[in-house]
Structures are given as C-alpha cells and as structure tokens.
Amino acid sequence: MFDEKSTVYIKTPLGIAKIQGDENGISGISIADDGTVSDSVPEVLHQAVSQLNDYFEGKRTDFDFKLNPSGTEFQQKVWKALLEIPFGKTMSYLDLSKKLGDVKAIRAVASANGKNPFWIVVPCHRVIGSNGSLTGYAGGLWRKKWLLEHENPSRKQELLF
C-alpha cells in the first residue's frame, strides 16, 4: 500500500518552512519567503515541527527525528558528514572534501551540499569558504548568516559576505 506524503507549512523567523514526510521519516524541509501557514500539523510531522520550533527558540541544538533522504550515494555521504559538524561550529568546503577523502572533490561536495533536502537539520549552513566568507547557500546568504549567528552569537562580528 502506498501512503502519500504529508506536508505542513510553519512560520519561522526566516520565512515559511515546508516539511514533508510520512511514516518512513521526513523526506524534505525547505524554506520560502512567503506562503500560507498550515492550520494543523499531520501526526507524522509533529516531532519535526516541535523540534524546529525548539531550535528557533534556542532550546535545541540537534535533531533526532527520522530522516528519509532521497539522493545519490555520494550526496548521502556528504549529508551524513554535514551531520557531524557540531552546533555553533563551521567547516570549509575544502575541509569537508578532505574529511570525505578527496580534496579534489570540492566542487562535487559543494554541489551535494547545495542539494541538501533538509534545511537546518542537515546543517549545510555551517559550511563556509576557506577564507571565512559566507558562500553558496540556497536559502540566501542572509539566512545563512542569521543561522550561524543564532547558533554562535559570539561570531556576529566575524562573518563576511
């Protein structure tokens, strides 16, 4: 039996987040500038909504709801490595490529990072340029800056555009 994915739209400080998933886990979280907030939250999405709200309220530094990603083996390897970047810390694309075992794969790593289907939860916003610059963020660099400052308020003066 095929179960259809459930979807909910929630308000966040950075826009309207779209969360999709089913009993197999969350399959996607994305952000948009505007949209209509959902009146109710499907049961299978309650945990994700609650944990994202806790994150924005400063009560949560990690997530433990089940993810159900769809991507290539390489993309999933990159997304798994992103999960290992600690809250409040950053890593360069070059360092992430080295961690994955191939310094020459930097463009492929950046591409996989950009295809991350789990906004905030798989913290692609924690990947920055080697010189400390904020580069390449599908949600917009202003959101990346906000997220990094939210996770580490002492960095406010360091972040470069």
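Since we're looking at a predicted model, the values are computed, not measured.
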Take the angle between the ring planes of F118 and W79 and call it parallel below 30°, perpendicular above 60°, tilted in between. perpendicular
How many angstroms lie between NZ in K11 and CG in D34, if you round to the nearest 0.5 Å? 11.0 Å
Ignoring hydrogens and geometry, is there a side-chain-to-backbone donor-acceptor pair from S133 to T135 under 3.5 Å? no
Heavy-atom closest contact (R143 atom, D33 atom, distance): NH2-OD1, 2.5 Å
For L100 and V109 the tightest heavy-atom approach is CD1-CG2, 3.8 Å
Nearest heavy-atom neighbours spanning G71 and Q76: O-NE2, 3.1 Å
So, for S97 and A105, which heavy atoms are closest and what is the spacing to 0.1 Å? OG-C, 3.8 Å
I'd like to know whether CG of D39 has more than 12 heavy-atom contacts from other residues, nucleotides or ligands below 6.0 angstrom. no
Do R126 and L82 pass the side-chain contact (heavy atoms from CB on, under 4.5 Å) test, and can you show the C-alpha distance, the side-chain angles, and the key distance before you say yes or no? CA-CA 8 Å; R126 296 181 190 151; L82 292 171; over 6 Å; no
Using 0.5 Å steps for rounding, measure from the CG atom of N152 to the CG atom of L147. 12.5 Å
Do P123 and L83 have side-chain heavy atoms sitting under 4.5 Å apart? yes
Once the angle between the rings of Y55 and F87 is folded into 0 to 90°, is it parallel (under 30°), tilted (30 to 60°) or perpendicular (over 60°)? perpendicular
Cluster check I16, W146: I/L/V/M/F/W/Y, side chain < 4.5 angstrom: no
Sidechain-backbone polar pair: K144 side chain, G139 backbone, donor-acceptor under 3.5 Å: no
Please find the pair of heavy atoms, one from A17 and one from W119, that lie closest to each other, and give the distance. CB-CZ3, 3.9 Å
Less than 4.5 Å apart, any side-chain heavy atom of P42 and any of V8? yes
Same apolar cluster: I106 and Y137, side chain cutoff 4.5 Å: yes
Does any N or O in the side chain of H46 come within less than 3.5 Å of the main-chain N or O of V41, such that one atom is a donor and the other an acceptor? yes
Has S111 got a side-chain atom pairing as donor or acceptor with R107's backbone, closer than 3.5 angstrom? no
Here the gap from Q47 atom CD to L52 atom CG, rounded to the nearest 0.5 Å, amounts to 11.0 Å
Rounded to the nearest 0.5 Å, what separates atom CH2 in W142 from atom CG in L134? 13.5 Å
In Å and rounded to the nearest 0.5 Å, what is the CG to CG distance from L67 to N24? 12.5 Å
With clusters defined by side-chain heavy atoms of hydrophobic residues (ILVMFWY) lying less than 4.5 Å apart, directly or transitively, does Y9 cluster with V121? no
Using every non-hydrogen atom in the two residues, find where N116 and C124 come nearest and quote the distance to one decimal. ND2-SG, 3.2 Å
Find the distance between CG (N131) and CG (L94) and round it off to the nearest 0.5 Å. 11.5 Å
Should V49 and I26 be counted in the same cluster of Ile, Leu, Val, Met, Phe, Trp and Tyr side chains packed under 4.5 Å apart? yes
Donor-acceptor under 3.5 Å (T72 side chain, Q75 main chain): yes
Would you say the side-chain atoms of Q51 pair up with the backbone N or O of D64, donor to acceptor, closer than 3.5 Å? yes
Assess whether side-chain contact (heavy atoms from CB on, under 4.5 Å) is satisfied between T90 and I85, documenting all intermediate values. CA-CA 7 Å; T90 58; I85 304 172; 5.8 Å; no
